[in-house]
Amino acid sequence: MLVNMSKLLADAQKGDYAVGSFSVANMEMVLGVLKAAKELNAPVILQIAEVRLKQSPLEIIGPLMVAAAKNADTPVAVHFDHGKTIEKINQALELGFTSVMFDGSHLELDENIKITKEVITLAKKYGADVEAEIGCVGGSEDGSEDIAINCTKPYDAVKFEKETNVDALAIAIGNAHGNYKSTPKLRFDILEQVEKNTKLPLVLHGGTGISPDDFIRCSHTGIKKINIATATFDSVEYEVRDAYKNDEIGGYYDLQAAEVEGAYQNAKRHILIFGTDNKA
Ligand code: 13P
């Protein structure tokens with residue numbers, strides 16, 4: 001069933017786990033994620049980032065995501081990731097997304113606060129939730145920009161919470177989008193400071209390549225939403241290559257099944273690490 005992200009994150013705060021937010025680019029990925037969610041009786045978030053709309057137009061994939069969530073056996077939120085323009089954020093809200101992210105991480109804090117508040121006012125009209133980001137997570141969602149990591153200052157998080165009361169806050173603690181070039185060293189000292197001084201559900205972007213131990217530690221230290229994109233795309237590609245190598249693709253529908261399987265395997269692995277199984 002289609003639900004609000006804030007409900008899933010409030011439950012995750014009570015239950016001390018994190019919810020996986022899986023980026024999808026087509027129907028097969030949606031089906032794979034929801035198959036894992038059903039099998040593990042887990043709530044999940046389906047998301048797509050604004051930079052990905054070149055490949056997957058919002059007016060086509062958006063209704064598909066919302067319909068799949070409504071049809072799902074477990075609670076599913078549909079989220080617009082890294083919203084950059086009010087135009088696209090508005091379109092996602094019109095299509096029935098239950099949350100949107102406004103990514104003002106490149107702006108001065110006061111400007112980020114100002115626009116986030118405008119997005120909150122807009123989203124409220126649709127009963128939708130808002131995620132914001134402070135500090136800078138490395139790289140960009142589609143790898144097209146080499147954005148440097150700029151760790152969140154805990155006192156900025158306190159100010160941001162007080163002035164916006166946003167529904168979820170993405171913070172930068174040494175995490176980056178895409179495959180890491182070297183093992184990431186997350187700044188748990190910063191995360192602990194933010195957790196201690198705010199009540200907001202925190203969001204970890206750049207989930208691909210973070211170790212299970214670090215995911216678990218994050219999930220017990222205020223991180224309630226974990227974004228996974230590259231790992232899904234890589235898993236789908238791997239599964240398709242493997243099926244070809246093993247001569248398992250006899251036609252288009254075998255290829256489609258391999259794509260679903262890749263997304264399913266990846267979502268299942270992460271749901272189990274995040275502790276979201278049997279939390280629907
Ligand atoms: P990864 O591609 O590193 O998993 O990052 C996903 C993400 O944070 C999407 O916003």
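All ligand and atom numbering here is 1-based and tracks the order in the structure. This structure is a prediction, so every number in the text was calculated from the model and none was measured.
Paired with Glu161 under the rule side-chain contact (heavy atoms from CB on, under 4.5 Å), one option of Val166, Thr198, Leu169 passes, and it is Thr198.
Looking at Thr85 and Glu50, their side chains do bring a donor and an acceptor atom within 3.5 Å of each other. Ser235 and Gln265 form no side-chain donor-acceptor contact under 3.5 Å, judged by distance and modelled atom types alone. Checking Tyr126 against Glu94 by side-chain atom types alone, a donor-acceptor pair falls below 3.5 Å.
Electrostatic pairing of Glu192 and Lys196 does not count as a salt bridge here, judged by no charged N lying under 4.0 Å from a carboxylate O.
Every protein residue with a heavy atom nearer than 4.0 Å to ligand 1 is included here: Gln47, Asp81, His82, Glu141, Ala176, His177, Gly178, His205, Gly206, Gly207, Thr208, Asn227, Ile228, Ala229, Thr230.
If you chain together ILVMFWY residues whose side-chain heavy atoms come under 4.5 Å of each other, Val19 ends up grouped with Met1, Val3, Met5, Leu8, Leu9, Tyr17, Ile45.
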